[in-house]
Q: 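I'd like to ask you about the structure that follows.
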Amino acid sequence: MDVGNLEIDVRKHLPLDILFLIRIKANEFKNEGVHTIGSHDIKEYLYEMKWKNSDILEMCDVIDDIMSLHFSEVFEYLKLKVIKEASTLKIDDFSELIAK
């Protein structure tokens with residue numbers, strides 16, 4: 001069987017070997033000193049950025065997307081996500097921070 005022709009429906013559950021690969025990538029980040037980015041963050045980044053407009057992807061492309069990922073890409077995504085979430089809050093939501 002030619003692995004390059006296998007397709008993955010990324011909108012359904014990812015195969016266990018792909019989930020394992022994502023965990024390996026998260027461990028790689030930890031080994032580089034980045035302890036704040038976990039496998040959940042990587043999966044969220046892939047779904048929201050890399051695979052946003054995709055349903056079916058070739059297995060080799062999914063593997064390449066994961067293995068070529070740099071922590072700075074995920075960090076930038078998470079930073080923008082926090083900024084968007086904060087922009088929807090009211091000043092009262094920050095009262096604990098302001099009072100200190």
Q: For the pair Leu69 and Tyr45, evaluate side-chain contact (heavy atoms from CB on, under 4.5 Å) and give the outcome as yes or no after the intermediate values.
A: CA-CA 10 Å; Leu69 193 59; Tyr45 169 78; 3.2 Å; yes

Q: Side-chain contact test, heavy atoms from C-beta onward, threshold under 4.5 Å: evaluate it for Ile18 versus Met59 and give yes or no.
A: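 They are in contact (side-chain heavy atoms under 4.5 Å apart), so the answer is yes.
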
Q: Kindly compute the distance separating OG (Ser72) from NZ (Lys79), expressed to the nearest 0.5 Å.
A: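 Between Ser72 OG and Lys79 NZ, I get 10.5 Å after rounding to 0.5 Å.
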
Q: Could you go through the side-chain contact (heavy atoms from CB on, under 4.5 Å) check for Leu78 and Val82 one step at a time?
A: CA-CA 6 Å; Leu78 293 172; Val82 167; 5.6 Å; no

Q: So does Val10 get a backbone contact from the side chain of Tyr47, meaning a donor-acceptor N/O pair under 3.5 Å?
A: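 Flag set: sc Tyr47 to bb Val10 pair under 3.5 Å.
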
Q: Evaluate the side-chain contact (heavy atoms from CB on, under 4.5 Å) criterion for residues Ile22 and Ile24: first the C-alpha distance (whole Å), next the side-chain angles of each, then the deciding distance (0.1 Å), finally the verdict.
A: CA-CA 5 Å; Ile22 290 171; Ile24 289 172; over 6 Å; no

Q: With heavy-atom distances below 4.5 Å as the criterion, would you say the side chains of Asp17 and Leu21 are in contact?
A: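 In short, these two side chains do not touch, never coming nearer than 4.5 Å.
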
Q: Is any side-chain heavy atom of Asp41 less than 4.5 Å from a side-chain heavy atom of Phe71?
A: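 Of all side-chain heavy-atom pairs linking Phe71 with Asp41, none is under 4.5 Å.
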
Q: For residues Ala26 and Ser39, report the shortest heavy-atom separation together with the two atoms involved.
A: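 Taking every non-hydrogen atom into account, CB-N, 3.6 Å.
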
Q: Check whether Arg11 reaches the backbone of Ser54 with its side chain - one donor and one acceptor, N or O, closer than 3.5 Å.
A: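 Such a contact is found between Arg11 side chain and Ser54 backbone.
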
Q: Any side-chain heavy atom of Glu73 within less than 4.5 Å of one from Met49?
A: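 Not in contact.
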
Q: If the condition is side-chain contact (heavy atoms from CB on, under 4.5 Å), which residues does Glu28 pass it with, not counting sequence neighbours?
A: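 Result, side-chain contact (heavy atoms from CB on, under 4.5 Å) vs Glu28: Lys25, Glu32.
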
Q: For the atom pair CD1 (Ile8) and CG (Asp55), what is the distance rounded to the nearest 0.5 Å?
A: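 Spacing of CD1 (Ile8) from CG (Asp55) equals 13.0 Å.
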
Q: Would you call Glu44 and Val74 a side-chain contact if the rule is heavy atoms closer than 4.5 Å?
A: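 No. Closest side-chain heavy atoms not under 4.5 Å.
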
Q: Distance from Leu19 atom CG to Ile66 atom CD1, nearest 0.5 Å?
A: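 Answer rounded to 0.5 Å: 8.5 Å.
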
